[in-house]
Amino acid sequence: MKKINWRQFLGFLLIALALNLYSCSNKEQPAQNNVVNDITQLNPIKVQGIVSPVSTRELIDLVKRHKGAISIGGGRFSMGGQTATENAIQIDMRRFNHIVSFSKEKKEITVQAGIRWRTLIQFIDQYDLSVKIMQTYANFTVGGSLSVNVHGRYVGQGPIILSVKSIKVVLANGDLIEASPSQNQEIFNAIIGGYGGIGIIAEATLSLTDNCKVERIDTVMKIGAYSQFFQKSIRNNKKVIFHNADIYPNGFDEVRAISYLETNKHLTIKDRLKPNDGGYAFNRMAIDIVSGSKFGKWLRKRIGNPIYYRKNIVEWRNYEATYDVKELEPRSRQTSTYVLQEYFVPIEKFDSFYPKMNRILKQHKVNVINISIRHAKKIQVQ
Ligand SMILES: Cc1cc2nc3c(=O)[nH]c(=O)nc-3n(C[C@H](O)[C@H](O)[C@H](O)COP(=O)(O)OP(=O)(O)OC[C@H]3O[C@@H](n4cnc5c(N)ncnc54)[C@H](O)[C@@H]3O)c2cc1C
């Protein structure tokens with residue numbers, strides 16, 4: 001059998017969140033005059049029309065009937081206009097969002113692709129189960145996440161494709177096919193990470209894992225020590241569920257390594273999921289302060305974070321998996337937005353990469369709010 005080396009990522013994934021000053025109309029609005037935008041509000045795209053199917057049949061009919069180009073929108077959190085094409089129709093997947101089937105015994109769930117992680121987790125939490133691999137925030141749709149083959153903070157788990165049992169896909173001719181690591185393999189490998197270029201993911205069957213209690217442990221170190229720390233203490237530690245390390249702006253010379261280890265200790269946070277009430281005034285104020293000045297960044301590093309991390313909290317895995325993107329929302333979208341970029345760096349190149357990165361960030365006076373290092377495991381798809 002021919003082996004395809006497909007996106008062999010082995011290394012650190014750096015997720016940088018930066019603030020951009022600009023002038024724009026408004027924040028996350030429903031499409032107006034058929035203009036689709038993403039979370040940055042920097043990429044308005046005029047489409048021919050927007051349709052919101054609620055069944056696979058509708059999805060198929062739509063693809064068969066429509067003569068021109070089709071684009072697909074999930075949660076629209078990808079940054080760069082990937083969800084819309086000028087004068088094409090956009091299929092808005094967000095109402096195609098039901099649970100199709102579930103087996104506690106098999107630890108698997110089949111969902112329509114427009115479902116958001118939050119809804120899915122709310123359901124499986126009742127059965128003490130968790131998502132194996134997803135991003136930090138729970139607002140994204142499953143289809144959008146599969147389409148970009150996301151990574152999370154899960155140590156040793158790799159990209160989301162490794163938790164997918166099978167998918168149902170509507171191809172450009174309207175055919176509905178099933179694809180998995182063993183059936184229609186090439187389509188499976190092309191569509192996950194394919195940004196909607198091959199077809200529409202209608203349904204996905206995902207492997208689940210047990211929900212468990214996790215204890216947060218953190219440590220601050222010079223950035224030069226991080227690579228070795230990761231290899232020695234985190235990479236092969238089976239107890240570590242989540243891990244990331246934040247590089248502090250504006251010096252970019254210190255990191256806080258944060259790990260969540262499986263534990264039997266008593267919970268310090270009893271809630272099973274993070275509240276979904278949108279009350280993020282404190283987070284927004286903190287972002288205002290950190291993004292507002294060098295002093296704000298110093299305050300975060302020297303005062304805010306030492307207080308925030310003073311205790312090793314114990315919480316549910318599902319609690320840690322249900323962050324809401326709203327906590328990042330700038331107080332005003334009239335003059336600012338945030339933009340996130342991701343870079344994949346081989347572990348052995350990290351120590352030569354970060355000094356160059358620091359130089360560029362300083363030279364261009366980038367207003368970096370945070371840089372988060374995660375590990376992206378090497379995968380080989382046959
Ligand atoms: C605050 C923030 C944090 C983030 N953190 C992470 C992270 O930790 N790890 C990570 O990997 N990424 C991260 N991202 C990036 C984000 O995970 C991806 O952009 C993800 O695709 C968002 O899902 P979505 O539902 O918004 O997809 P969308 O942005 O709506 O769509 C993404 C792509 O998928 C296509 N698509 C959507 N649905 C389907 C479908 N059903 N069938 C076929 N194609 C489809 C779209 O056409 C588009 O090309 C983050 C983004 C933000 C804003």
Side-chain angles (χ1 to χ4, degrees), residues 7 9 13-18 28 36-43 45 47 52-53 56 59 63 69-85 88-97 111-120 133-154 157-161 167-172 179 187 190-204 242-244 283 287 321 323-330 337-344 369-370 372-376:
R7 289 181 78 181
F9 293 136
L13 163 64
L14 277 87
I15 301 196
L17 189 67
E28 254 199 280
V36 171
N37 215 326
D38 61 40
I39 182 80
T40 63
Q41 297 295 303
L42 295 173
N43 301 292
I45 296 170
V47 295
S52 305
T56 306
L59 211 53
V63 172
I70 290 176
S71 58
I72 314 156
R76 298 176 180 166
F77 287 99
S78 51
M79 299 176 166
Q82 293 92 337
T83 65
T85 303
I89 57 160
Q90 196 208 40
I91 302 186
D92 180 346
M93 297 294 286
R94 289 175 292 186
R95 288 179 57 214
F96 190 66
N97 61 358
V111 292
Q112 293 179 334
I115 197 168
R116 295 181 193 253
W117 289 120
R118 169 89 199 189
T119 313
L120 192 159
I133 303 167
M134 59 178 278
Q135 306 91 318
T136 302
Y137 291 92
N139 310 70
F140 310 118
T141 64
V142 168
S145 305
L146 293 180
S147 250
V148 312
N149 198 18
V150 298
H151 287 80
R153 295 174 293 151
Y154 301 90
Q157 296 298 315
I160 194 169
I161 190 170
I167 47 179
K168 280 192 183 158
V169 180
V170 181
L171 297 175
I187 291 182
I191 202 151
I192 298 187
Y195 282 81
I198 306 289
I200 305 167
I201 301 170
E203 287 178 15
F242 304 95
H243 174 79
N244 67 290
N283 302 63
I287 286 183
Y323 284 94
D324 188 334
V325 171
K326 286 197 198 98
E327 71 173 21
L328 299 175
E329 190 58 29
T337 187
Y338 66 86
V339 176
L340 187 136
Q341 297 194 342
E342 301 182 358
Y343 299 87
F344 290 86
I369 299 173
N370 192 41
S372 174
I373 313 171
R374 292 104 191 269
H375 182 241

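Worth knowing before you read on, the calculation uses all heavy atoms, side chains too, and leaves out hydrogens, waters and symmetry mates. Order of appearance sets the numbers: ligands from 1, and atoms from 1 within every ligand.
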Proximal ligand 1 atoms for L340, defined as those under 4.0 Å from one of its heavy atoms:
2 (C), 3 (C)
List every atom of ligand 1 that sits less than 4.0 Å from any heavy atom of G196, numbering the atoms from 1 in the order shown and giving each element.
43 (C), 44 (N)
Separation between CD1 (I201) and CD1 (I72), nearest 0.5 Å, reads 8.0 Å
Inter-residue atom distance F96.CZ - L59.CG, 0.5 Å rounding
5.5 Å
closest protein heavy atom to atom 11 (O) of ligand 1 is H151 N, 3.0 Å
Among all protein heavy atoms, pick the one closest to atom 18 (C) of ligand 1 and tell me residue, atom and distance.
V148 CG2, 3.8 Å
Please list the nearest protein heavy atom to atom 29 (O) of ligand 1 with its residue and the distance rounded to 0.1 Å.
S78 OG, 2.6 Å
Contact region, I201 to ligand 1, non-hydrogen atoms below 4.0 Å, reads both
Do S147 and ligand 1 have an N or O pair less than 3.5 Å apart?
yes
4.0 Å heavy-atom contact, M79 with ligand 1:
yes
Does an N or O from R374, backbone or side chain, lie closer than 3.5 Å to an N or O of ligand 1?
yes
Does any N or O of ligand 1 fall below 3.5 Å from an N or O anywhere on G73, backbone included?
no
Closest approach of any protein heavy atom to atom 31 (O) of ligand 1, naming residue and atom:
T83 CG2, 3.6 Å
List every atom of ligand 1 that sits less than 4.0 Å from any heavy atom of T141, numbering the atoms from 1 in the order shown and giving each element.
25 (O)
Counting both backbone and side chain atoms, is some N or O of I72 under 3.5 Å from an N or O of ligand 1?
yes
Under a 4.0 angstrom heavy-atom cut-off, which atoms of ligand 1 come close to T136?
8 (O)
Kindly compute the distance separating CE (M134) from CZ (R116), expressed to the nearest 0.5 Å.
12.0 Å
Quick check for you: to the nearest 0.5 Å, what is the distance between Q41 atom CD and Y338 atom OH?
10.5 Å
For R153, which part has a heavy atom under 4.0 Å from ligand 1: side chain, backbone, both, or neither?
neither
Cut-off 3.5 Å, side chains only: do T40 and D38 have a donor facing an acceptor?
yes
Closest non-hydrogen atoms of V325 and F140, given as atom of the first, atom of the second and distance, are CG2-CZ, 4.3 Å
Using a 4.0 Å cut-off to any heavy atom of A113, which atoms of ligand 1 qualify?
41 (N)
Near G199 (heavy-atom distance under 4.0 Å), the atoms of ligand 1 are 43 (C)
Below 4.0 Å from ligand 1: does a non-hydrogen atom of G194 turn up there or not?
no
Should the pair F242 and Y154 be assigned to parallel (<30°), tilted (30 to 60°) or perpendicular (>60°) ring geometry?
tilted
Taking distance alone, with no angle check, do F77 and ligand 1 share an N/O pair under 3.5 Å?
yes
Atom 27 (O) of ligand 1: which protein heavy atom is closest, and how many Å away?
G144 CA, 3.3 Å
So which atom in V47 and which in T85 form the shortest heavy-atom distance, rounded to 0.1 Å?
CG1-O, 3.6 Å
With backbone taken as N, CA, C and O and side chain as the heavy atoms from C-beta onward, which portion of Q82 lies under 4.0 Å from ligand 1: side chain, backbone, both, or neither?
both
Can you see which heavy atom on N149 is nearest to which on P159, and at what distance?
OD1-CB, 3.5 Å
If you have a sec, work out which protein heavy atom is nearest atom 50 (C) of ligand 1 and how many Å separate them, to one decimal?
F140 CZ, 3.6 Å
Considering non-hydrogen atoms of the protein only, which is the closest contact for atom 5 (N) of ligand 1, and what is the distance?
Q135 CB, 4.2 Å
Looking only at protein heavy atoms, identify the closest one to atom 12 (N) of ligand 1 and say how far it is in Å.
E342 OE2, 3.1 Å
Ligand 1 atoms in contact with G75 (distance to a heavy atom under 4.0 Å):
24 (P), 25 (O), 26 (O), 27 (O), 30 (O)
What atoms of ligand 1 come closer than 4.0 angstrom to any heavy atom of L328?
1 (C)
Mode of I191 contact toward ligand 1 - side chain, backbone, both, neither (heavy atoms, under 4.0 Å)
neither
